[in-house]
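Here is how names work: the chains are called A, B, and so on, in the same order as the sequence lines, proteins then strands, and each is numbered from 1.
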Amino acid sequence: MAGSELAGPIGRPLDRVDGRLKVTGKATFAFEYAAQGAAAYGVIVPAAIGKGRVLSVDVSSAQSAPGVLLVLTKDNAPPQSSWGPVDLPDRFARAAPALNTDEVLYFGSPVAFVVADTFEHATAAAMLVRVRYASLPADYDLHAAGPQAENPGRMNGALPADSAVGDFESAFANAPVPIDAAYTTPYQNQAPMEPHATMAVWDGPMLTVHMAAQLTTSPQEGLARTFNIPKENVRVITRYVGGGFGNKLPFYVDATLAAIGARMLRRPVKVAMTRPQMFHITTHRTASEQRVRLGADRDGRLIAYGQDALVQSARFDIYTDPVCGAARMLYAAPNRLTRHRRAKLDLPRSDSMRAPGDAIGLLALECAMDELAEALALDPVELRLRNDTQTDPEANRPFASRHLAEALREGAARFGWERRVAKPASVRDGRWFVGLGVASAIRGDTLRSASARAHLDGGRLTVELAMTDIGTGSYTILTQIAAETMELPVDRVTVRLGDTKFPPTAGSGGSYGAGTSGAAVLAACRKLKAGLASGMREAEGSVTPSALDEGYSHAGFGAHFAEVGVDRDTGEVRVRRMLGVFAAGRILNAKTARSQMIGGMTWGIGSALMEENPVDLRYGSFVNQDLASYHVAVNADVGAMDVVFLDEADPHGSPLGSKGIGELGICGAGAAVMNAIHNATGARIRDFPATPDKLLARLETLDA
Amino acid sequence: MLAPGELIRSVVLPPPPPGRQVYRKVRDRASYAFALVSVAVVVACEDDRVRVARVAFGGISYKPWRSTEAEAALIGATVTRASFDAAGVAALKSARGYGHNDFKIPLARRTLRATLADAAGII
């Protein structure tokens with residue numbers, strides 16, 4: 001951007017422009033829309049087995065229950081396209097039929113759907129549906145399926161599953177200082193505050209769905225594919241979304257069933273999943289088994305660098321979490337090997353969850369780096385500095401900008417890293433063992449395609465695009481970009497999002513949302529500004545992935561520092577302080593960006609200390625199905641958090657100079673906490689999360 | 001047994017024994033979680049000896065579990081972490097784990113030790 005624009009709105013900590021609407025209850029979420037005509041309420045009846053067939057569904061009691069308008073099963077559901085195609089390039093635009101088969105593919109999948117005049121009537125009637133099943137033998141156990149896991153070839157149509165440089169095996173075998181460590185990470189659920197919900201309305205051949213979604217054009221295409229109707233006949237509206245974290249990239253059967261119900265009843269139908277249903281009917285983060293092998297020379301330079309990951313996919317899907325993706329870009333080493341193996345299980349679908357792949361891959365890799373530092377008797381910050389690189393070690397091209405070393409040094413200075421005592425269990429504060437930990441952060445940066453329309457009318461600018469704001473601040477940063485480009489005060493700009501009537505975008509996901517939609521708004525406003533003198537009042541602008549210079553690798557970087565206390569008797573861990581220093585390009589809004597980072601770091605605390613969902617291997621169900629038993633970090637778990645952004649200009653980056661930040665904050669955060677636990681106690685916990693039970697053995701030895 | 005039409009209006013507790021009362025709840029996260037183990041104690045000490053002790057555990061059985069074994073071990077014991085640990089050993093002598101909850105036995109002992117130390121004012 002030109003120097004004259006430095007004083008403009010971009011970057012300022014502008015309050016969310018939709019903040020007042022949200023805190024006063026005036027921001028309308030999908031389920032809250034008043035319909036044209038009274039809406040009926042649909043409730044999903046979930047399968048009570050993990051794999052098998054529905055033999056029969058007795059709907060007689062449900063059908064005659066008060067207020068019931070429709071009971072839908074496989075026996076009377078309308079024809080729909082079958083699921084998929086599974087390998088569709090845009091997997092979020094696949095057809096998602098409901099009640100189209102008697103097969104039960106995972107626990108909790110819909111087997112009936114009840115619509116009534118009220119939510120209460122529908123809920124009561126749903127309990128009266130009687131289903132008989134025939135169960136089939138099933139595979140629910142990731143560890144047991146490991147030996148039969150497949151090589152997926154390519155992961156999700158993009159990265160290859162395997163990568164190799166040099167001769168890893170012989171380099172590792174001959175490395176003076178080797179580390180060979182196995183880690184596991186558990187299933188996690190995104191658990192957004194707003195449940196998945198849809199209100200569907202038909203007007204002749206036109207279907208309008210108000211839904212909780214991260215994307216707009218993909219569910220539009222997917223619903224059209226499901227019902228075999230033109231895409232133009234589907235309108236998706238998603239103005240406000242209460243959290244996504246990857247969980248609202250796909251659309252689900254709430255949308256499909258709401259649309260079917262609305263069509264059959266000729267009135268609007270609303271469907272919201274219950275919290276327990278969300279744990280099965282939507283996607284989750286795969287559990288993983290990982291092996292990290294690092295071989296270094298005595299100076300701490302990596303000679304051999306390897307990471308293997310085993311992940312889960314639903315049997316009817318092909319998603320492969322790219323666990324080792326971060327490793328491929330993070331450190332230099334001449335001999336490298338990464339491999340992903342996929343086990344198809346009879347469980348719900350795994351798919352993207354905040355920083356898919358990287359979030360759990362870095363838990364293992366950055367803990368292994370800590371183990372290597374200890375084996376070398378080298379400071380963990382110094383080890384990372386010695387293996388830093390300005391060249392992407394597997395793509396063999398320079399990074400457009402990479403300030404990992406600066407983030408590590410700045411963080412170490414600010415955090416008081418020099419006070420760390422290398423010998424574990426050396427520092428006590430009353431009943432607490434105290435330790436410090438560090439980890440690197442990296443998240444690849446991408447741009448997608450998007451377009452936007454800007455319209456000037458009497459000194460007011462309206463910007464429209466089919467982007468979403470899932471709580472991240474899209475409305476706000478797009479307002480800032482438009483205001484700065486048009487040299488207007490921010491209160492003269494209205495940004496309208498979340499409607500497929502507007503120019504298409506790639507929505508919110510993969511940290512590309514702000515950069516991509518922002519670049520489209522920038523282009524539209526620049527065009528409009530240039531045309532003002534000749535009378536132009538409206539312009540469209542767009543961006544494509546090629547706006548990122550392909551001669552470079554693009555990623556954001558950072559460093560996490562954590563101080564924990566471990567109760568010497570009980571093994572309870574408290575994060576006392578945490579600092580994240582990030583080099584993530586131009587920051588579009590200092591306040592919303594900081595919030596993104598704090599959110600990611602908090603999730604890192606959860607990943608390190610408490611978040612997990614075990615599978616009940618008898619039934620193929622996730623054990624935790626509510627927010628009382630599925631533990632995410634609560635306020636009392638979060639100590640003093642600090643976030644620092646380094647000034648970073650990226651001459652080869654996106655048109656705005658920004659990088660994705662939505663996922664960078666979680667990358668490495670949990671490893672810093674785990675490494676701090678090691679420094680505090682000497683315990684190496686390789687099975688995440690570090691609940692108190694896993695620390696007791698170590699604490700018993702420290703008693704002596 | 002309540003007869004039809006009756007309801008409980010109040011419960012009268014006997015006066016507590018003299019001493020400090022401390023309750024400790026160990027959880028997988030800092031708040032809003034079930035107890036892995038909880039411990040409630042009443043302790044009075046005099047001349048570096050425990051004179052009064054009441055001990056109950058939560059989270060280790062189907063009901064709150066008073067440990068007269070721990071209480072007996074504590075009466076007259078020295079005010080040290082070692083004797084508090086021994087009280088936990090006495091309390092859990094016949095405790096049995098089922099694999100997934102084996103950790104609760106050492107955790108209960110250690111939590112009792114910490115709670116008694118807190119009540120007695122030692123670290």
Side-chain angles (χ1 to χ4, degrees), chain A residues 186 428-433 564-576 602-603 605-614 616-617 623-624 626-639 673 685 687-704, chain B residues 20 22-41 43 55 57-60 70 79-89 91-92 95-123:
Chain A
R428 279 277 300 277
D429 176 9
R431 64 186 233 217
W432 303 97
F433 289 107
V564 305
V566 180
D567 186 289
R568 67 159 165 171
D569 289 302
T570 65
E572 292 162 291
V573 180
R574 295 289 177 266
V575 175
R576 297 152 66 112
T602 300
W603 212 326
I605 294 173
S607 298
L609 300 184
M610 77 248 335
E611 193 167 345
E612 61 178 325
N613 211 342
D616 188 324
L617 296 175
V623 170
N624 300 316
D626 56 50
L627 297 181
S629 50
Y630 185 76
H631 287 174
V632 300
V634 296
N635 282 354
D637 290 301
V638 183
V673 173
I685 296 174
D687 298 308
F688 284 83
T691 43
D693 53 298
K694 296 176 188 168
L695 278 153
L696 292 180
R698 176 65 190 161
L699 294 177
E700 295 265 44
T701 67
L702 288 174
D703 280 349
Chain B
R20 282 202 68 203
V22 177
Y23 172 69
R24 177 83 181 268
K25 182 177 178 183
V26 180
R27 292 168 279 193
D28 274 334
R29 63 179 168 185
S31 180
Y32 195 50
F34 293 105
L36 297 172
V37 162
S38 63
V39 172
V41 301
V43 177
V55 172
F57 293 98
I60 61 169
V79 181
T80 60
R81 284 171 60 88
S83 55
F84 296 162
D85 201 68
V89 172
L92 296 152
R96 192 154 59 90
Y98 293 85
H100 68 282
N101 60 4
D102 286 350
F103 73 94
K104 291 198 173 199
I105 297 170
L107 182 59
R109 175 175 52 78
R110 301 176 67 86
T111 306
L112 175 62
R113 181 177 79 190
T115 311
L116 290 168
D118 187 8
I122 63 169
I123 286 188

Just wondering, are more than 12 heavy atoms of other shown residues or ligands nearer than 6.0 Å to OH in Tyr23(B)? yes
For the backbone of Asp569(A) and the side chain of Arg113(B), can you confirm whether one donor and one acceptor N or O come within less than 3.5 Å of each other? no
Which atoms of Leu107(B) approach chain A - backbone, side chain, both or neither, heavy atom under 4.5 Å: both
Answer yes or no: is there an ion pair linking Arg29(B) with Glu572(A), defined by an N-O contact shorter than 4.0 Å? no
Please look at Val573(A) and chain B and tell me whether the side chain, the backbone, both or neither of the residue comes under 4.5 angstrom of a heavy atom of that chain. neither
By a 4.5 Å heavy-atom criterion (distance strictly below it), what part of Asn635(A) contacts chain B: side chain, backbone, both, or neither? neither
Counting only non-hydrogen atoms closer than 4.5 Å, does Arg568(A) touch chain B with its backbone (N, CA, C, O), its side chain (CB onward), both, or neither? both
Donor-acceptor check, side chain of Asp637(A) to backbone of Ala30(B), threshold 3.5 angstrom: yes or no? yes
May I ask you to decide whether Asp693(A) forms a salt bridge with Lys104(B), counting only side-chain N to carboxylate O separations under 4.0 Å? no
Report yes if the side chains of Arg110(B) and Thr570(A) come closer than 4.5 Å at any heavy-atom pair, otherwise no. no
Distance in Å, Asp28(B) CG paired with Met610(A) CE, rounded so as to fall on 0.5 Å steps: 8.0 Å
State, yes or no, whether a side-chain contact exists between Glu700(A) and Arg109(B) at a heavy-atom distance under 4.5 Å. yes
Would you mind checking which part of Ile605(A) comes under 4.5 Å of any heavy atom in chain B, side chain (CB onward), backbone (N, CA, C, O), both or neither? neither
When the 4.5 angstrom heavy-atom criterion is applied to Arg81(B) and chain A, the contacting part is side chain
